[in-house]
Amino acid sequence: MKVASGRTAKERDMTDHRRLGRDLNLFATDPLTGAGLPIWLPAGAAARHAIEEYLRDLERRAGYQHVHTPPLGRRELFETSGHLGYFAAEMFPPMRLGEADDELVLRPALCPHHALVYRTRGRSYRDLPMRVAEIGGMYRAERSGVLGGLSRVRAITLNDAHNFCALEQVGQEVSEILRLIRAAHDALGVRPAGVRLSRRGPGEKYVGGDADWARAEELLRAALGQVAYTDAPGEAAFYGPKIDIQVLDAAGRELTISTVQLDFDKPERFDLSYHDSGGARRRPVMVHRSLVGSMERLFAYLIEVHQGAFPAWYAPVQMVVLPVGDGQAGVAVDLARRATEVGLRVEVDHGGSLGARVRDAARRRIPYVAVLGAREAADGRVALRLRDGRALEPLPESDMIGLVAAVVAARTGDLLPID
């Protein structure tokens with residue numbers, strides 16, 4: 001674990017996502033929900049929804065099929081997957097239903113359900129690679145002592161996918177996943193601190209034979225190519241090795257944000273197969289991957305790295321409209337309505353002095369402040385102020401809306417279109 005140096009405890013507290021999340025009304029906790037179960041408030045939910053929409057679109061364009069699966073299943077499902085045998089200490093206890101013998105379990109991972117998606121019908125080599133994606137819920141019985149804000153929680157929403165492919169397709173699949181991870185990181189402003197190759201270590205917590213593990217580790221090494229990485233024996237999942245991409249939080253602690261994992265075990269356990277070009281029955285390889293990890297840990301990181309000043313495309317409120325006086329109130333509401341109709345997240349702030357409202361927008365890290373005075377309202381123009389302190393000459397309302405919409409559509413960290 002890496003720890004930041006040269007910063008005081010007060011400085012770290014000022015940049016901690018828990019403090020910022022509270023100050024910016026992004027999320028909250030309450031004793032009635034319990035530890036590790038944060039409540040996403042409207043501002044945090046708006047930012048999260050924008051990122052989820054982006055991820056689904058990125059995956060769809062890359063050939064992923066999205067599914068919805070339930071966050072729990074019968075005990076037998078997790079006995080079959082191996083989770084109850086190898087991961088039970090991190091799972092919530094089974095729930096018995098009345099007098100029946102059935103027991104339901106909150107899932108600690110999405111892969112068992114995605115294996116069931118694969119086996120809903122017979123598969124041919126022509127179906128592969130088959131990429132199944134979901135932003136879905138899972139649950140871990142984390143000890144209360146390790147819980148904190150959004151970075152370590154018990155209710156997890158994972159940007160997850162499982163790629164089922166032939167062995168000879170693994171290298172290309174992993175390389176393409178790494179490309180998607182880089183694209184997502186660039187759009188979100190994620191700054192990786194390093195890459196780990198997490199391998200099997202000594203002990204009994206791993207499943208599968210030596211030959212499968214050696215083959216999987218070599219495939220991941222080959223996919224990394226010239227990428228520098230740290231060798232991490234003993235950090236693999238119980239079913240296979242993985243590539244972990246790390247980031248640093250405000251306190252300098254190293255966290256995994258993205259991962260790619262190979263799995264020869266689940267296809268065997270769930271009896272998954274496909275028919276090759278000669279008609280022979282073969283096992284697919286299951287590639288587990290997450291482009292940006294869980295929504296909770298991702299936002300813990302993004303809040304800190306951006307200090308709450310998110311890129312405009314996923315800022316909770318992208319623009320606030322400030323009428324200088326009561327005479328511009330109706331025009332301000334009409335402007336906000338037109339901006340909302342093109343997909344922007346807009347508010348109108350009528351209360352208090354103009355200076356106080358400008359300062360409040362800065363405190364909330366809102367990217368754009370549209371000021372409407374009597375002259376602007378009469379001319380159909382808007383004075384636009386940017387979060388970074390720049391101010392533009394008054395623009396026609398439609399041009400101003402088009403400018404902000406173009407920046408949001410580009411999904412960059414810039415506040416003005418790039419020429």
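Bear in mind the structure is a predicted one, so any value in this text is a computation, not a measurement. Position 1 is the first residue of the sequence, and the numbers go up from there.
- Ion pairing between a basic and an acidic side chain is recognised when a charged N comes within 4.0 Å of a carboxylate O; E59 and R289 show such pairing.
- Between the side chain of R269 and the backbone N or O of P267, no donor-acceptor pair lies under 3.5 Å.
- Within the 3.5 Å criterion, the main-chain N or O of A187 finds a donor-acceptor partner in the side chain of W313.
- For the atom pair CD1 of I181 and CG of L58, the computed distance is 10.5 Å after rounding to the nearest 0.5 Å.
- The pair E235-R199 does not count as a salt bridge, with every side-chain nitrogen at least 4.0 angstrom from each carboxylate oxygen.
- Looking at R200, its side chain never comes within 3.5 Å of a backbone N or O of F238 through a donor-acceptor pair.
- Proximity of a side-chain donor or acceptor of N159 to a complementary backbone N or O of V292 within less than 3.5 Å is detected.
- Salt bridge status for E304 with R19: absent, with no side-chain N to carboxylate O gap under 4.0 Å.
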(message) Run R338 and S398 through side chain to side chain donor-acceptor pair (under 3.5 Å) and show every step you take.
(response) CA-CA 9 Å; R338 286 193 289 275; S398 59; over 6 Å; no
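- In this structure a side-chain-to-backbone donor-acceptor pair under 3.5 Å is present from D388 to R390.
- A tilted orientation is assigned to the rings of Y118 and F164, their planes being inclined by 30° to 60°.
- With rounding to the nearest 0.5 Å, the separation of CG in L248 from CD1 in I257 is 11.0 Å.
- Each of R74, R75, R96 was compared with D102 under the side chain to side chain donor-acceptor pair (under 3.5 Å) criterion, and only R74 meets it.
- E173 has a carboxylate O that lies under 4.0 Å from a charged side-chain N of R131, or vice versa, which qualifies the two as a salt bridge.
- Put simply, the side chain of C111 reaches to within 4.5 Å of the side chain of M286, judged on heavy atoms.
- Side-chain atoms of R387 come within 3.5 Å of backbone N or O of R365 as a donor-acceptor pair.
- Atoms CZ and CH2, on F299 and W40 in that order, are 5.0 Å from each other to the nearest 0.5 Å.
- Under a 3.5 Å cut-off, the side chain of R22 and the backbone N or O of H17 do not form any donor-acceptor pair.
- Between the side chain of Y64 and the backbone N or O of D57 there is no donor-acceptor pair closer than 3.5 Å.
- With rounding to the nearest 0.5 Å, the separation of CG in L158 from OG in S290 is 4.5 Å.
- Donor-acceptor pairing under 3.5 Å is lacking for the side chains of R18 and T29.
- Between the CG atom in D244 and the CG atom in L197 there is a gap of 9.0 Å [rounded to 0.5 Å].
- Electrostatic pairing of K266 and D263 counts as a salt bridge here, judged by a charged N lying under 4.0 Å from a carboxylate O.
- In this structure, S81 contributes its side chain and F78 its backbone to a donor-acceptor pair below 3.5 Å.
- One finds the CG atom of L220 at 9.5 Å from the OG atom of S198 (value rounded to the nearest 0.5 Å).
- Ion pairing between a basic and an acidic side chain is recognised when a charged N comes within 4.0 Å of a carboxylate O; R179 and E176 show such pairing.
- With ring centers used as reference points, Y274 lies 6.0 Å or more from Y125.
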(request) Carefully, step by step, assess T157 and E296 under the rule side chain to side chain donor-acceptor pair (under 3.5 Å). (result) CA-CA 7 Å; T157 309; E296 292 76 19; 3.2 Å; yes
(message) I'd like to know whether Y314 forms a side chain to side chain donor-acceptor pair (under 3.5 Å) with H306, so could you lay out the CA-CA distance, the side-chain angles of the two residues, the decisive distance to 0.1 Å, and finally the verdict.
(response) CA-CA 12 Å; Y314 63 90; H306 294 300; 3.2 Å; yes
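- With respect to the salt-bridge test (charged N to carboxylate O, under 4.0 angstrom), the residues R154 and E142 do not qualify.
- With D265 as the partner, the side-chain contact (heavy atoms from CB on, under 4.5 Å) test is satisfied by one option alone out of Y86, Y239, F270, Y206: Y239.
- A donor-acceptor pair is defined here as one N or O able to donate and one able to accept, closer than 3.5 Å; such a pair exists between the side chain of E376 and the backbone of G373.
- For the pair R283 and E268, the salt-bridge criterion is met [side-chain N within less than 4.0 Å of a carboxylate O].
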(request) Show your reasoning for whether side chain to side chain contact (heavy atoms under 4.5 Å, CB included) applies to C165 and M130. (result) CA-CA 7 Å; C165 58; M130 177 180 170; over 6 Å; no
(message) Set out, in order, the CA-CA distance, both residues' side-chain angles and the distance that settles side chain to side chain donor-acceptor pair (under 3.5 Å) for R56 and H66, then state yes or no.
(response) CA-CA 8 Å; R56 290 191 185 97; H66 290 95; 5.4 Å; no
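- Using a cut-off of 4.0 Å between Lys/Arg side-chain N and Asp/Glu carboxylate O, D360 and R357 are scored as not salt-bridged.
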